[in-house]
Amino acid sequence: MDWQEQLGNSVTSLDELRARGFHLQADREAFPMRITPHLLSLMDRETGTCPIGRQFVPLPAELEWMPAELEDPVDEDRQAVAGVLVHAYQDRALLMASQVCTTYCRYCFRKRLVGRRPPLLTHDQLEQALQYLEAHPEIREVILSGGDPLVLTDSQLASLLRALRQRLGDRVFRIHSRVLSTLPSRITEDLVDLLEAHGVLYLVTQINHPREITPQTREAARWLRKAGIVLANQAVLLRGVNDSVETMRELCLSVYAIGIRPYYLFQCDYTRGTAHFRTTLQEGRAIIKGLEGRMSGPAVPRYAIDCPHIRKVLLTADYCTPRDDGTYLLRNPEGKELIYDEPRLIC
Ligand SMILES: *Cc1c(COP(=O)(O)O)cnc(C)c1O
C-alpha cells in the first residue's frame with residue numbers, strides 16, 4: 001500500500017475506532033479526528049492510558065475549557081498575512097503550507113484551523129504570502145508548516161517549492177512535519193529527491209514518545225539524512241504521555257540515536273480543552289534538570305513556552321546569577337557552585 005492509500009485507510013470517527021476493538025471514554029470530539037493505520041498498530045486497546053492513544057484519541061476532557069485557555073493561544077490569527085503566513089520573529093517566517101494533517105493531535109494549538117479548511121493554499125493566499133516575503137528580505141528562512149506540508153502530493157509540493165525558490169532566491173527552507181511518526185511511508189525516494197532538488201535543508205519532526213520510533217521511522221530518517229537534510233525534533237510535554245525524567249530521557253536518546261537532534265521541548269500551549277495534558281512549569285523544569293549534564297549534551301532539548309505577544313521563551317532554570325559586586329554565581333546541574341570573578345578577568 002502506498003502512503004496515499006494508507007492515509008485513506010485512516011480512522012476518522014469514534015464509532016470506527018470502537019468497531020476496531022479500542023476502548024474509548026469519549027462519545028464526541030471537539031475537533032476533527034484522524035489516525036493513520038501506522039499509529040493504530042502502535043496503540044494499546046485502552047486508549048486513555050496509552051502514550052499514543054492519549055495524543056490522538058479524543059477524551060471527554062477536551063470539551064472542558066479553563067477560563068484562561070484561548071482559542072488562538074499564540075494570537076496568530078490577527079497577525080497572519082492572508083491567514084497563512086506568520087511573521088513573528090525578525091529573520092524567519094512560517095507558512096501554513098497545508099491546512100490538514102495525517103493525524104490530528106488532541107493538544108494542537110492550531111486546531112481552530114487545521115482540518116477545518118480546504119487542504120491547499122489558494123492561488124491568492126500564496127501570492128500574498130510571496131509578495132510579503134519578497135518585500136521583507138530580512139526574512140532569511142521560510143518554514144513550511146501547517147497543517148502538515150508533507151500531506152501535499154509530490155507534484156503539489158514541487159510546485160510550491162519551485163514558486164518559493166524562484167521568487168525568494170537563496171533563503172533557507174525548513175519543513176515542520178509529523179510524518180516520521182504518523183506516516184513514515186510518506187518519506188519515499190521520490191520525496192527525498194524532490195526536497196533535495198529544491199534545497200530543503202532542515203526538517204523538524206515531532207515525536208513525543210519513544211514508542212513512536214519504529215523501524216520505518218528509523219529508515220525514513222536515514223534516507224533524509226543521506227540527502228543532507230538535517231533533522232531536529234520538537235516534543236510537547238504532555239501529562240500521561242512523557243511527563244517523567246525516565247520517559248523523556250528515553251525519548252531524547254532514542255531520537256538522537258536515529259540521527260534526529262532533540263531541539264525544543266514545549267510546554268503544552270494554553271489551547272482550549274487541553275488542561276488534562278498540561279504539567280506545571282516546575283515539573284517541566286525538574287524534567288530538564290534530570291537530563292542536563294546527565295546524558296549526551298546534544299540530546300538535551302531546550303524547554304520553552306509559546307505565548308501571545310512575547311512568543312517563544314526558554315524556561316530552563318538560570319544557571320548563572322549576577323551578583324551586586326559584578327561577579328556571577330555559576331551553578332552546575334549537580335548544584336556545585338563557583339563565583340565567576342568577571343571584574344578580575346576582563347581588562
Ligand atoms: C516556532 C515558530 C518559528 C520558528 O522558531 P524557531 O525558534 O526558529 O524554531 C517561526 N515562526 C513562528 C510563527 C513560530 O511559531
Side-chain angles (χ1 to χ4, degrees), residues 69-99 101 105 107-114 117 121 125-126 128-130 132-150 160-161 164 168 170-178 180-181 199-208 224 229-238 252 255-256 260-271 274 284 288 298-316:
E69 288 180 336
L70 301 169
E71 191 89 52
D72 177 10
V74 293
D75 203 16
E76 285 185 333
D77 285 347
R78 281 188 314 124
Q79 206 186 348
V81 177
V84 296
L85 183 76
V86 187
H87 186 195
Y89 304 94
Q90 160 88 0
D91 66 347
R92 55 217 192 272
L94 183 149
L95 179 66
M96 296 180 210
S98 118
Q99 314 279 326
C101 288
C105 305
Y107 53 86
C108 177
F109 75 105
R110 292 202 186 107
K111 68 188 181 192
R112 70 190 182 281
L113 309 174
V114 175
R117 288 175 162 187
L121 297 184
Q125 284 171 325
L126 179 59
Q128 283 188 50
L130 284 167
Y132 183 92
L133 291 163
E134 282 175 326
H136 290 83
E138 75 275 16
I139 298 173
R140 306 276 291 265
E141 180 176 38
V142 180
I143 299 166
L144 304 187
S145 183
D148 195 319
L150 298 185
L160 175 63
L161 288 170
L164 289 170
L168 304 175
D170 59 357
R171 298 191 220 193
V172 176
F173 292 169
R174 177 192 338 170
I175 290 183
H176 283 193
S177 169
R178 240 204 128 158
L180 263 76
S181 153
V200 172
L201 279 192
Y202 297 93
L203 190 137
V204 176
T205 61
Q206 196 202 320
I207 298 174
N208 289 329
L224 288 163
I229 296 169
V230 175
L231 304 177
N233 188 55
Q234 298 185 338
V236 182
L237 181 55
L238 297 168
C252 292
V255 299
Y256 186 62
I260 305 178
R261 167 127 190 226
Y263 174 36
Y264 277 123
L265 173 64
F266 284 118
Q267 176 67 11
C268 182
D269 285 324
Y270 35 100
T271 315
T274 59
I288 291 292
V300 180
R302 314 191 298 166
Y303 180 38
I305 188 167
D306 201 350
C307 299
H309 314 303
I310 57 171
R311 297 305 308 253
K312 294 187 182 86
V313 174
L314 291 185
L315 293 170
T316 311

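Counting starts at 1 for both ligands and their atoms, following the listed order.
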Salt bridge or not for Glu141 and Arg171, using N-O below 4.0 Å? no
Hey, are Arg112 and Asp77 close enough for a salt bridge, meaning a charged N less than 4.0 Å from a carboxylate O? yes
Where ligand 1 meets [X] - atom numbers and elements under 4.0 angstrom, heavy-atom basis:
X      : result
Tyr263 : 6 (P), 7 (O), 8 (O), 9 (O)
Val86  : 13 (C)
Leu94  : 11 (N), 12 (C), 13 (C), 14 (C)

Would you please determine whether Arg311 falls within less than 4.0 Å of ligand 1 on a heavy-atom basis?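 True for this residue.
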Ligand 1 contacted by Arg174 (non-hydrogen, < 4.0 Å): yes
For ligand 1, which is the ligand I care about here, please tell me if [X] has any N or O atom under 3.5 Å from one of the ligand's N or O atoms.
X      : result
Glu141 : no
His176 : no
Gln234 : no
Tyr264 : yes
Lys312 : yes

Take Ser98 and Asp148 through the test side chain to side chain donor-acceptor pair (under 3.5 Å) and record every step on the way to the result. CA-CA 6 Å; Ser98 118; Asp148 195 319; over 6 Å; no
When distances are taken from atom 8 (O) of ligand 1, the protein heavy atom at minimum range is Arg92 NE, 2.6 Å
Taking the side chain as every heavy atom from C-beta outward, state whether Arg261 and Val300 have any atom pair closer than 4.5 Å. no
Can a donor-acceptor pair be found, under 3.5 Å and without considering hydrogens, that links the side chain of Arg174 to the backbone of Leu144? no
Between Ile143 and ligand 1, which part of the residue brings a heavy atom under 4.0 Å of the ligand: side chain, backbone, both or neither? side chain
Residues 305-313 side chain polar contacts: donor-acceptor under 3.5 Å, at least two apart:
from, atom 1, to, atom 2, distance (Å)
Asp306, OD1, Arg311, NE, 2.8
Asp306, OD2, Arg311, NH2, 3.0

Tyr89: which residues meet the ring-ring contact (aromatic ring centres under 6.0 Å, His included) condition with it, sequence neighbours left out?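 So Tyr89 forms no ring-ring contact (aromatic ring centres under 6.0 Å, His included) with any residue.
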Under 3.5 Å, is there a donor-acceptor pair between the Thr205 and Asn233 side chains?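 Asn233 and Thr205 do have a side-chain donor-acceptor pair below 3.5 Å.
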